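Note sheet for the following structure.
Hydrogens, waters and symmetry mates are skipped; everything else that's a heavy atom, side chains included, is used. Within every chain, numbering begins at 1; the chains are lettered A, B, ... in the order of the sequence lines, protein sequences first and strands thereafter. Bear in mind the structure is a predicted one, so any value in this text is a computation, not a measurement.
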Amino acid sequence: MTEGNRHMHLLLVDGSGYIFRAFHALPPLNRKSDGLPVGCVQGFCNMLFKLTQDMDIDEPPTHMAVIFDHSAKTFRDNIYSEYKAHRPPAPEELVPQFPLTRSATRAFSIPAIEMEGWEADDIMATYACQAKARGWKVTIASSDKDLMQLVEPDGSIRLLDTIPRPGQPPLRWIGPDEVFTKFGVTPDKVIDVQALCGDAVDNVPGVPGIGVKTAAELINTYGNLETLLERATEIKQNARREKLIANAELARISKKLVTLEQSVPVEIDLDGLVRQPISPGTLFPFLKAMEFATITKRLAGLLEANPDDFEADPDLRAGGADAPASLKSTSLSVAKAKLAAQTVPGSGPAKFAAEEHARIKAIPVDYDAYEIVNTPERLAAWVQKIWDVGRVSIDTETTGLDPQQADLVGICLSTQIGEGCYVPVGHVLPGDLLAGGGLVEGQLPIRDVLDALKPVIEAPSILKIGQNIKYDMEIFWRYGINLAPIDDTMLISYALDGPRYNGMDVLADHWLGHKTITFSELAGTGKSQKTFDQLDIAAAARYAAEDADVTLRLWHVLKPRLAAENATTLYETLERPLAPVLARMEARGITVDRQILARLSGDFSQRAAAFEAEAYELAGQSFNLGSPKQLGEILFDKMGIEGGTKTKTGAWSTGADVLEDLALKGVPLARTIVDWRQLTKLKGTYTDALPTYMNPRTGRVHTSYSQASVLTGRLSSNDPNLQNIPVRTADGRKIRTAFVAAPGKVLISADYSQIELRVLAHIADIQALKDAFEEGLDIHAMTASEMFNVPVEGMPSEVRRRAKAINFGIIYGISAFGLANQLGIARGEAGDYIKTYFERFPGIRDYMDEQKVKVKADGYVTTIFGRKIQFPNANSGNPSERSFVERASINAPIQGSAADIIRRAMIRMEPELKKAKIDADMLLQVHDELIFEVPEGTEDQAIPVIKRVMENAAEPAVRLTVPIQVDAHAAKNWDEAH
DNA sequence: GCAAGGACGTA
DNA sequence: GTACGTCCTTGCA
């Protein structure tokens with residue numbers, strides 16, 4: 001990048017200075033719809049935009065950032081407790097505008113930077129210093145005299161005063177000459193002068209009685225502060241000499257206070273500040289939320305965009321992110337008009353997305369353009385290319401599918417569509433297990449490759465794009481590399497289209513019309529399938545580089561759709577930040593006690609064998625108890641039991657409910673089978689299988705979470721599934737006792753109480769339910785009491801059980817048929833229950849009708865956080881399919897909103913725990929429950945923080961109108977903690 | 001060797 | 001009646 005250095009120009013804006021200027025210079029202004037004070041935000045936007053326009057005329061910056069003061073204390077408070085002590089607290093109406101100015105900055109696609117413990121001046125000093133080291137030019141938009149110490153004699157670092165002053169030009173540069181006019185010294189001596197004269201505003205003491213003029217004279221005479229203080233006795237004037245000697249220490253402290261720190265550990269490096277074009281999809285949702293009509297109009301003209309294509313940012317608009325209008329409104333025409341405005345590819349982001357799609361799709365895949373990297377020079381060239389472009393699509397090839405076990409075999413990269421490279425590092429020669437192959441020639445040493453790539457993979461300024469990048473994050477962690485920041489095409493697709501097109505092969509086929517090489521084509525299938533390290537490098541490279549190339553293409557196609565289809569907030573708040581959280585949970589794993597499981601296996605297998613013998617006895621023959629087919633034939637054909645039903649494929653139904661029924665009717669074999677099935681299920685799926693998942697490296701079990709496979713936004717867990725560990729039966733719970741805390745630790749289980757019913761009460765706005773939750777009542781008993789006119793006191797458990805079934809039925813999109821089945825009552829009776837329920841809670845029926853209408857009209861329903869859940873066959877010609885969609889569309893906003901809430905809790909959990917200085921590891925998520933591992937004895941500190949984060953997770957995006965309750969317990973094992 | 005269907009574990 | 005993943009058998013290649 002040395003070639004371009006002459007033209008690099010960094011513009012740093014003193015954000016806090018701008019805020020206060022806007023505040024003092026402008027009349028107050030309140031947002032029309034809710035009175036939120038926004039005058040300062042508006043002024044800030046105007047000033048920021050004007051600055052970029054003015055600068056672009058003759059000195060366009062190539063890099064830019066707005067730097068803010070962080071409200072917390074800084075290192076200067078430790079040096080001098082009185083520092084800035086005279087500063088009054090910020091005016092009340094200014095406080096809510098602080099975060100909004102950050103949002104404003106980001107809306108203009110400019111990085112907004114602030115750091116706890118540092119003043120904006122220190123951060124600016126650091127960036128200026130870094131930029132100077134690279135030979136860049138630096139402009140600091142600020143009139144703060146404290147920054148004058150940064151001015152360079154050669155003018156490479158200058159300040160820019162933009163405060164309008166009558167009779168003066170709008171932009172006034174502050175270079176060495178201006179500094180000399182102000183302080184009477186060259187910029188490098190400014191801090192010495194300030195150390196002597198102090199600063200009344202910041203309460204920097206200085207030496208009492210010495211002003212700027214005297215200070216400058218002294219410093220110019222003695223060269224610098226230290227020399228002056230050492231030789232103070234030589235000063236002729238009595239008063240001046242005495243003051244200096246008496247206050248030497250105060251002067252030294254003052255110097256420390258005014259000296260700006262130039263090595264702040266900034267999280268974003270200079271490359272991350274590269275100037276971005278203003279994106280209408282980012283800008284207009286903000287401006288509309290603020291209701292800045294004039295700026296909106298002006299910028300729409302300049303950007304040639306139509307603001308009507310964008311909706312106000314739901315997190316910022318008046319009333320906060322309330323339920324989307326579609327949930328509240330039954331007006332179909334409104335919903336349809338909105339949909340049309342979003343998707344008509346005639347203008348704005350939708351047009352851009354459509355054009356990008358067409359452009360990318362037309363570029364053919366050329367396998368010959370891919371490169372195998374096996375020299376340090378070529379690797380270095382790729383690294384340089386990544387720095388230049390600022391982003392890279394990346395994929396790892398490994399020996400297996402388990403990110404906690406698979407070893408790295410190669411890395412593929414692509415920075416530009418149509419290009420791609422493969423860096424093989426772990427391909428082995430054929431050989432038996434004992435002879436052990438050895439590495440194939442022509443590969444760079446893995447350590448060299450990782451050392452070369454680590455800086456870009458960890459660079460905050462380089463975006464790493466992947467398909468299911470959580471996998472690659474975990475692989476790289478095991479090699480000591482922290483992959484961040486990320487974008488994930490799988491998650492972008494999920495935010496847009498749900499789990500419909502999961503998988504890169506499907507995405508490539510659907511969006512690019514390109515069939516990728518499949519792993520089976522490359523490595524074979526089944527038992528003879530090769531692992532990646534056994535593949536020929538040339539063949540592997542085509543497959544691998546194609547993956548990186550295609551991922552980059554998909555990113556170009558899918559990313560613009562986020563803005564075009566209003567899914568940016570969903571992706572940025574609920575998808576992208578969750579991936580690294582899940583990666584860490586997977587990497588941690590959980591300890592499982594092998595011995596407990598082994599003992600249970602033995603017990604279950606003995607008892608199952610007894611049931612097996614009993615079953616043969618009762619059946620009068622032996623048969624495969626695991627075969628529903630054979631069992632059906634014995635029960636209904638051979639034994640001639642009446643009343644059997646058939647499944648849709650014509651086989652006898654032998655499900656647990658059928659067998660339970662038969663058992664009650666006096667068929668002892670049915671009971672035996674039920675018992676046998678339960679035990680063999682527990683043994684086969686849990687006590688036998690779980691130990692095989694124990695990772696030999698960590699000794700723990702690491703599940704894998706799928707973030708993008710559930711229609712409603714829930715997670716799913718696999719290999720092994722730790723979201724269906726038994727809990728309902730006594731035998732089942734014994735399995736939970738095998739999930740234990742590591743030595744010296746305890747597990748905490750924290751679960752949302754009745755989260756879905758609470759969400760339902762909120763969405764459907766059911767006052768009676770809300771009141772019950774507000775008063776902390778037993779919700780099922782209360783429902784029963786309302787429906788059956790029975791007092792809660794002394795209520796028969798059967799009555800409560802029925803009400804509970806109805807409550808769940810409501811959540812599942814109730815039908816008389818289903819409820820009757822569940823409760824074992826007649827269809828008519830179940831229908832009466834439902835009717836009564838609707839009479840007692842009339843809002844429920846309205847809610848259900850709204851969802852049904854909406855799904856038919858729009859093809860989707862939404863959660864309270866704006867996640868769309870699509871049902872492509874909502875208008876199917878098949879009546880049973882249609883009713884199925886109706887029920888699912890009733891359930892999806894409830895299940896999905898609850899899922900979004902716990903996602904928000906998970907995303908916030910780690911930083912909040914860290915802030916509270918709690919050492920707690922989040923290990924598992926089971927839909928409404930989070931499992932943590934904490935040092936023994938710290939559970940009482942951890943639990944309140946965990947509860948607080950979970951209970952407030954919806955805020956501030958959504959203000960729920962029901963209280964959310966979380967119950968948390970600690971114990972050595974999961975069974976006791978739950 | 002693989003896919004589909006049935007059964008069953010969870011929220 | 002919603003949403004999942006896993007184990008096992010069966011039937012076909």
Side-chain angles (χ1 to χ4, degrees), chain A residues 498-499 520 524-529 623-632 646-659 673-674 676-690 693 703-706 709-729 731-733 735-736 751-752 754-757 760 805-823 827 830 833-834 848 851 869 871 880 883-896 898-899 902 924-929 978:
Chain A
S520 307
T525 58
K527 234 179 157 183
S528 61
Q529 188 173 57
F623 65 102
N624 186 345
L625 294 204
S627 165
K629 184 167 175 277
Q630 292 179 31
L631 175 65
K646 299 269 183 99
T647 66
K648 58 176 181 251
T649 56
W652 290 111
S653 301
T654 68
D657 46 346
V658 174
L659 297 182
I673 299 288
V674 168
W676 178 88
R677 277 187 182 162
Q678 192 195 50
L679 286 173
T680 52
K681 173 79 176 179
L682 295 180
K683 179 166 153 34
T685 309
Y686 305 103
T687 58
D688 285 352
L690 280 171
Y693 284 101
T703 185
S704 170
Y705 287 103
S706 172
S709 62
V710 181
L711 200 61
T712 55
R714 275 190 177 179
L715 303 177
S716 74
S717 156
N718 54 39
D719 302 308
N721 182 353
L722 294 186
Q723 290 181 320
N724 71 345
I725 300 305
V727 71
R728 286 177 190 173
T729 63
D731 278 327
R733 274 198 299 278
I735 292 165
R736 286 203 170 206
D751 69 298
Y752 283 106
Q754 308 285 8
I755 182 81
E756 294 195 346
L757 273 179
L760 170 68
I806 296 168
N807 276 333
F808 276 99
I810 295 292
I811 290 171
Y812 296 154
I814 203 156
S815 75
F817 179 82
L819 183 63
N821 249 343
Q822 175 71 25
L823 286 176
R827 281 267 297 275
Y833 284 0
I834 296 169
M848 291 184 165
Q851 303 312 308
I869 296 134
F871 295 95
S880 77
S883 346
F884 176 79
V885 168
E886 285 182 1
R887 291 193 298 273
S889 71
I890 289 164
N891 172 258
I894 304 169
Q895 187 184 113
I902 196 167
L924 303 178
Q925 188 251 40
V926 192
H927 309 309
D928 64 357
E929 176 187 14
H978 185 69

Query raised in the report: Is any side-chain N or O of Arg728(A) closer than 4.0 Å to OP1 or OP2 of dT10(B)?
Result: yes
Report task. State, with a plain yes or no, whether a side-chain heavy atom of Glu929(A) is found less than 4.5 Å away from one of Tyr752(A). Result -> no
Report summary line: Checking dA11(B), dT10(C), dG1(C) against the side chain of Asp928(A) (C-beta onward), the nearest is dA11(B)
Report task. Mind calculating the distance between CG (Leu631(A)) and C1' (dT10(C)) to the nearest angstrom? Result -> 15 Å
Query raised in the report: Of all the nucleotides listed (dT10(B), dT10(C), dC4(C)), which has the minimum atom distance to the side chain of Ser716(A)?
Result: dC4(C)
Report task. To the nearest Å, give me how far apart CD (Gln925(A)) and P (dC4(C)) are. Result -> 14 Å
Query raised in the report: Ignoring hydrogens and angles, are the base of dG5(C) and the side chain of Asn721(A) linked by a donor-acceptor pair under 3.5 Å?
Result: no
Report task. Could you tell me whether the phosphate oxygens of dG6(B), OP1 or OP2, come under 4.0 Å of any side-chain nitrogen or oxygen in Thr647(A)? Result -> yes
Requested in this report: Could you check whether Ala805(A) gets within reach of a base, just the sugar-phosphate, or nothing at all, counting any heavy atom under 4.0 Å?
Outcome: base
Query - Side chain proximity check, Gln723(A) to Gln925(A), heavy atoms < 4.5 angstrom - result: yes
**Report entry** Under-4.0 Å side-chain N/O to phosphate OP1/OP2 contact, Thr525(A) with dG1(B)
**Finding:** no
Query raised in the report: Are Thr703(A) and Tyr693(A) side-chain neighbours, meaning at least one heavy-atom pair lies under 4.5 Å?
Result: no
Requested in this report: Considering just the side-chain nitrogens and oxygens of Arg677(A), establish if one lies under 4.0 Å of OP1 or OP2 belonging to dC8(C).
Outcome: no
Query - Distance, rounded to the nearest Å, where Gln723(A) contributes CD and dG9(B) contributes C1' - result: 12 Å
Query raised in the report: Gly809(A) near the nucleic acid: base, sugar-phosphate alone, or nothing, with a heavy-atom cut-off under 4.0 Å?
Result: base
Query raised in the report: Within the structure shown, what part of the strands sits under 4.0 Å from Phe884(A) by heavy-atom distance: base, sugar-phosphate, or nothing?
Result: sugar-phosphate
**Report entry** Residue Pro628(A), side-chain heavy atoms: nucleotide from dA11(B), dA7(B), dG1(C) that is nearest
**Finding:** dA7(B)
Query - Among dT6(C), dA7(B), dT10(C), the nucleotide that comes nearest once only the side chain of Lys629(A) is considered - result: dT10(C)
Query raised in the report: Hey, does Leu690(A) have a side-chain heavy atom less than 4.5 Å from the side chain of Pro720(A)?
Result: yes
Query raised in the report: Contact class for Ala689(A) vs. all strands (heavy atom < 4.0 Å): base, sugar-phosphate, or nothing?
Result: sugar-phosphate
Query raised in the report: Out of dG1(C), dA3(C), dG9(B), which has the shortest distance to the side chain of Ala888(A)?
Result: dA3(C)
Requested in this report: Record whether the side chain of Gln895(A) comes under 3.5 Å of the base of dT2(C) through a donor-acceptor pair of N or O atoms.
Outcome: yes
Query - Gap between atoms NZ and P, on Lys527(A) and dC2(B) respectively (whole Å) - result: 12 Å
Query - Value in whole Å for how far the P atom of dG6(B) lies from CG of Asp657(A) - result: 13 Å
Requested in this report: Please tell me which of the listed nucleotides, dG9(B), dC8(B), dT9(C), lies nearest to the side chain of Gln678(A)?
Outcome: dG9(B)
Query raised in the report: Would a 4.5 Å heavy-atom cut-off, applied to side chains only, mark His978(A) and Val727(A) as touching?
Result: yes
Query raised in the report: With a non-hydrogen cut-off below 4.0 angstrom, is Leu819(A) in contact with a base, only sugar-phosphate, or nothing?
Result: base
Requested in this report: Can you spot which of Leu760(A), Leu757(A), Thr712(A) makes a side chain to side chain contact (heavy atoms under 4.5 Å, CB included) with Ile894(A)?
Outcome: Leu760(A)
**Report entry** Whole angstrom value for the distance that separates P of dT6(C) from CG of Asp719(A)
**Finding:** 5 Å
Query raised in the report: Please give, in whole Å, the distance from dG5(C) C1' to Leu711(A) CG?
Result: 16 Å
Query raised in the report: So what does Ile890(A) touch, heavy atoms closer than 4.0 Å: a base, only the sugar-phosphate, or nothing?
Result: nothing
Report task. Looking only at side-chain atoms of Thr649(A), point me to the closest of dT10(C), dG6(B), dG5(C). Result -> dG6(B)
Query raised in the report: How would you label the contact of Glu756(A) with the nucleic acid (heavy atoms, under 4.0 Å): base, sugar-phosphate, or nothing?
Result: nothing
Report summary line: Quick note, Arg736(A) side chain, CB onward, closest among dA11(B), dA3(C), dG9(B) is dA11(B)
**Report entry** Residue-phosphate contact under 4.0 Å: Ser717(A) side-chain N/O, dC4(C) OP1/OP2
**Finding:** no
Report task. Give one of base, sugar-phosphate or nothing for Gln630(A), where a contact means two heavy atoms less than 4.0 Å apart. Result -> sugar-phosphate
Query raised in the report: Can you find a heavy atom in the side chain of Tyr812(A) that is under 4.5 Å from one in the side chain of Arg887(A)?
Result: no
Query raised in the report: So does Thr680(A) get a side-chain nitrogen or oxygen closer than 4.0 Å to the phosphate oxygens (OP1/OP2) of dC8(C)?
Result: no
Requested in this report: Find out whether Pro893(A) and Gln851(A) are in side-chain contact, i.e. whether some heavy atom of one side chain is under 4.5 Å from a heavy atom of the other.
Outcome: yes
**Report entry** Short side-chain N/O contact from Arg887(A) to OP1 or OP2 of dT2(C), under 4.0 Å
**Finding:** yes
**Report entry** Lys681(A) side chain near dC8(C) phosphate (N/O to OP1/OP2, under 4.0 Å)
**Finding:** no
Requested in this report: Send over the distance from Leu715(A) CG to dA11(B) C1', rounded to a whole Å.
Outcome: 12 Å
